[in-house]
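Given the structure is predicted, the values throughout are model-derived calculations rather than measurements. Whatever order the structure lists ligands and atoms in, that order sets their numbers, starting from 1.
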Amino acid sequence: MITLGVDLGDRSYPIYIGESLLDQGELIRQHIPGNSALVVCNTTVAPLYLDKVEQALGGLKHESVILPDGEEHKNLTVLNTIYDALLQHRFDRNTTIIALGGGVVGDMAGFAAASYQRGVHLIQIPTTLLSQVDSSVGGKTGVNHALGKNMIGAFYQPRAVLADTTTLNTLPDRELSAGLAEIIKYGLIKKPDFFDWLQTNMNALLQRDTDALAKAIEVSCQTKAEVVAADERESGQRALLNLGHTFGHAIETGMGYGEWLHGEAVGAGMCMAARMSQQLGWIDDNAVAQTVALIEQAKLPTMAPASMTVEQFMQLMAVDKKVLDGVLRLVLLKAIGHAVVTNDYTQQQLEQAVAVSLPT
Ligand code: NAD
Ligand code: GLY
């Protein structure tokens with residue numbers, strides 16, 4: 001087992017990464033301060049792993065709530081069913097909510113923990129590659145609104161993250177690729193050596209080579225932990241973690257939540273960001289080609305959906321969380337391994353960048 005840390009003073013917490021962690025009950029129990037826990041899960045993950053977590057909880061008072069599966073259920077209506085369960089079972093302020101599942105469950109359970117009785121304890125047990133390398137770490141929680149992705153939420157850190165890599169054995173290939181998008185993101189924004197390593201090891205990752213996956217998860221969590229420790233509430237460098245996300249969120253909302261996976265939208269979005277960086281003269285053709293090739297090798301889309309239009313992108317991107325005082329800041333590339341947050345572009349250049357990524 002590898003243990004990393006997110007350094008946030010008295011709110012610091014460990015990230016455990018390793019095989020069969022769910023079989024080590026004490027690992028979970030030591031992070032539960034009170035005598036009760038609510039496990040939040042979904043209809044796909046519950047039959048696979050809920051028993052193991054309930055066993056790990058031993059004699060603690062515990063209940064579970066099982067959400068419908070899918071990004072289209074990441075909303076306030078479904079969130080309310082978590083509050084219903086908490087209240088029906090009279091869970092108090094010393095309760096721990098355990099998020100068991102992918103990023104959708106993690107973001108929703110996290111927001112429930114942030115808001116129930118103004119905040120109860122939270123443990124993240126991510127079971128997708130994407131959630132193990134990104135969403136379970138760093139404390140972003142929330143739900144979607146019909147008009148914008150992740151528009152309602154809170155920063156709320158867990159007490160611990162347990163990434164049991166054995167759970168990845170049951171993950172569908174398409175979801176594995178979605179997770180690879182966020183892994184590639186870390187290479188592109190600030191780890192050029194890791195980008196090179198991914199170019200060499202992408203096939204091993206797709207074949208679920210244990211050592212390759214362990215390394216990719218470790219470097220990703222380490223990178224995210226560094227960024228979050230430096231800028232927890234995204235007043236600066238944390239925005240870099242949104243490379244490809246402004247374009248990607250527009251795709252997710254525009255296509256209807258759940259149609260494109262989050263990681264797929266981010267994959268295409270990173271290609272769009274690379275093309276725009278090249279049009280602005282910041283990176284050369286070779287850097288774009290390498291970016292697109294790696295994303296393609298990960299079996300992710302590299303173009304925007306054919307059914308969307310430039311106008312639709314413009315409307316949807318106007319409600320991005322990186323709009324400040326009416327100005328949209330984008331994360332773009334100065335080199336592979338060097339991303340910047342910028343508003344140094346014209347509307348026409350943005351429209352042109354979207355246009356070249358729409359299939360003709
Ligand atoms: P997801 O939660 O929808 O999970 C993907 C699918 O895999 C679901 O069908 C799920 O039931 C299933 N699944 C989960 N674990 C499994 C397992 N071990 N075996 C088999 N099936 C399993 O999607 P995701 O990609 O994990 O997360 C995407 C979400 O995360 C998006 O809503 C995105 O906005 C959010 N996100 C949040 C952050 C953050 O910082 N909070 C960062 C990135 C993404
Ligand atoms: N996934 C973006 C962030 O955590 O900031």
Assess, by modelled atom type and distance only, whether the side chains of T342 and D344 contain a donor and an acceptor separated by less than 3.5 Å.
no

Please indicate whether any nitrogen or oxygen in G101 is less than 3.5 Å from any nitrogen or oxygen in ligand 1.
no

re atom 1 (P) of ligand 1, the protein heavy-atom contact at minimum distance is V104 CG2, 3.9 Å

Salt-bridge contact K74-D107 (side-chain N to carboxylate O under 4.0 Å):
yes

Check this for me - ligand 1, T141, N or O atoms closer than 3.5 angstrom, yes or no?
no

Does any N or O atom in G103 lie less than 3.5 angstrom from one in ligand 1, N or O only?
yes

E71 side chain to H262 side chain, donor-acceptor N/O pair below 3.5 angstrom:
no

Could you tell me whether V45 approaches ligand 1 through its side chain, its backbone, both or neither, with non-hydrogen atoms closer than 4.0 Å?
side chain

Could you report the tightest heavy-atom contact between P126 and L162, atom names first, then the distance?
CD-O, 3.1 Å

Options T44, V133, V137, ranked by nearest heavy atom to atom 12 (C) of ligand 1, top entry:
T44

Does some non-hydrogen atom of E72 fall short of 4.0 Å from ligand 1?
no

Quick test of your reading of the model: are E264 and K299 salt-bridged, counting only N-O distances below 4.0 Å?
no

Go through the steps for D173 and R208 under the test salt bridge (charged side-chain N to carboxylate O under 4.0 Å, His left out), then give the verdict.
CA-CA 10 Å; D173 287 343; R208 303 179 190 231; 2.8 Å; yes

Between CD on residue E252 and CG on residue N144, distance to nearest 0.5 Å:
7.5 Å

R238, any N or O under 3.5 Å of ligand 1 N or O:
no

One thing to verify: whether E26 and R29 come together as a salt bridge, which I'm taking to mean a side-chain N less than 4.0 angstrom from a carboxylate O.
yes

Measure the CD1-OG1 distance between I125 and T167 for me, rounded to the nearest 0.5 Å.
10.0 Å

Tell me the contacting part of N150 for ligand 1: side chain, backbone, both, or neither, using a 4.0 Å heavy-atom threshold, strictly below.
side chain

Consider every N or O of E182 and every N or O of ligand 1, then say whether any pair is closer than 3.5 Å.
no

for atom 15 (N) of ligand 1, nearest protein heavy atom and its distance come out as T127 OG1, 2.7 Å

For a quick check under 3.5 Å, do T128 and S131 share a side-chain donor-acceptor pair by atom type?
yes

Atom 14 (C) of ligand 1 has as its nearest protein heavy atom T128 CG2, 3.2 Å

Need the ligand 1 atom indices (1-based, order shown) with element for anything under 4.0 Å from a heavy-atom of N42.
10 (C), 11 (O)

Which atoms of ligand 1 have any heavy atom of D69 under 4.0 Å away?
8 (C), 9 (O), 10 (C), 11 (O)

Taking heavy atoms and a distance under 4.0 Å, where does T170 meet ligand 1: side chain, backbone, both or neither?
both

Can you figure out which of R238, Q237, K224 has its heavy atom closest to atom 5 (O) of ligand 2?
R238

Checking a contact table here: which protein heavy atom is nearest atom 31 (C) of ligand 1, and how many Å away?
E71 OE1, 3.1 Å

Would you mind running through ligand 1 and noting each atom that sits below 4.0 Å from a heavy atom of L48?
19 (N), 20 (C)

Should you measure from each heavy atom of Y49, which atoms of ligand 1 turn up under 4.0 Å away?
18 (N)

So, applying side chain to side chain donor-acceptor pair (under 3.5 Å) with N242, which one of E234, K185, R329 is it?
E234

At less than 4.0 angstrom from any non-hydrogen atom of K149, what atoms of ligand 1 do you find?
31 (C), 32 (O), 33 (C), 34 (O)

Hey, is the main chain of Q349 close enough, under 3.5 Å, to the side chain of Q352 for a donor-acceptor pair?
no

Looking only at protein heavy atoms, identify the closest one to atom 22 (C) of ligand 1 and say how far it is in Å.
L171 CD1, 3.8 Å

Quick one: which of K224, H262, K185, E175 has a heavy atom closest to atom 5 (C) of ligand 1?
E175

In this structure, OH of Y16 is separated from CE of M1 (nearest 0.5 Å) by 6.0 Å

Atom 1 (N) of ligand 2 has as its nearest protein heavy atom D134 OD1, 3.3 Å

Should one rank A181, A178, G153, S135 by closest heavy-atom distance to atom 42 (C) of ligand 1, which comes out on top?
S135

Region of D107 engaging ligand 1 - heavy atom pairs below 4.0 Å:
side chain

Is the closest side-chain donor-acceptor distance between S235 and D231 under 3.5 Å?
yes

Is a side-chain donor or acceptor of D284 paired with a backbone partner of A287 at a separation under 3.5 angstrom?
yes

Looking at every heavy atom in both Y116 and F91, which two are closest together, and how far apart are they?
OH-O, 2.7 Å

Among all protein non-hydrogen atoms, which one is nearest to atom 28 (C) of ligand 1, and what is the separation to 0.1 Å?
L130 CD2, 3.9 Å

Would you call the rings of H245 and H249 parallel, tilted or perpendicular, taking 30° and 60° as the class edges?
perpendicular

Look only at interatomic distance and state if S131 has a nitrogen or oxygen under 3.5 Å from any nitrogen or oxygen of ligand 1.
no

Atoms of ligand 1 close to D134 [distance to a heavy atom under 4.0 angstrom, numbered from 1]
42 (C), 43 (C)

Near K74, which atoms of ligand 1 are under 4.0 Å from a heavy atom of that residue?
31 (C), 32 (O), 33 (C), 34 (O), 35 (C)

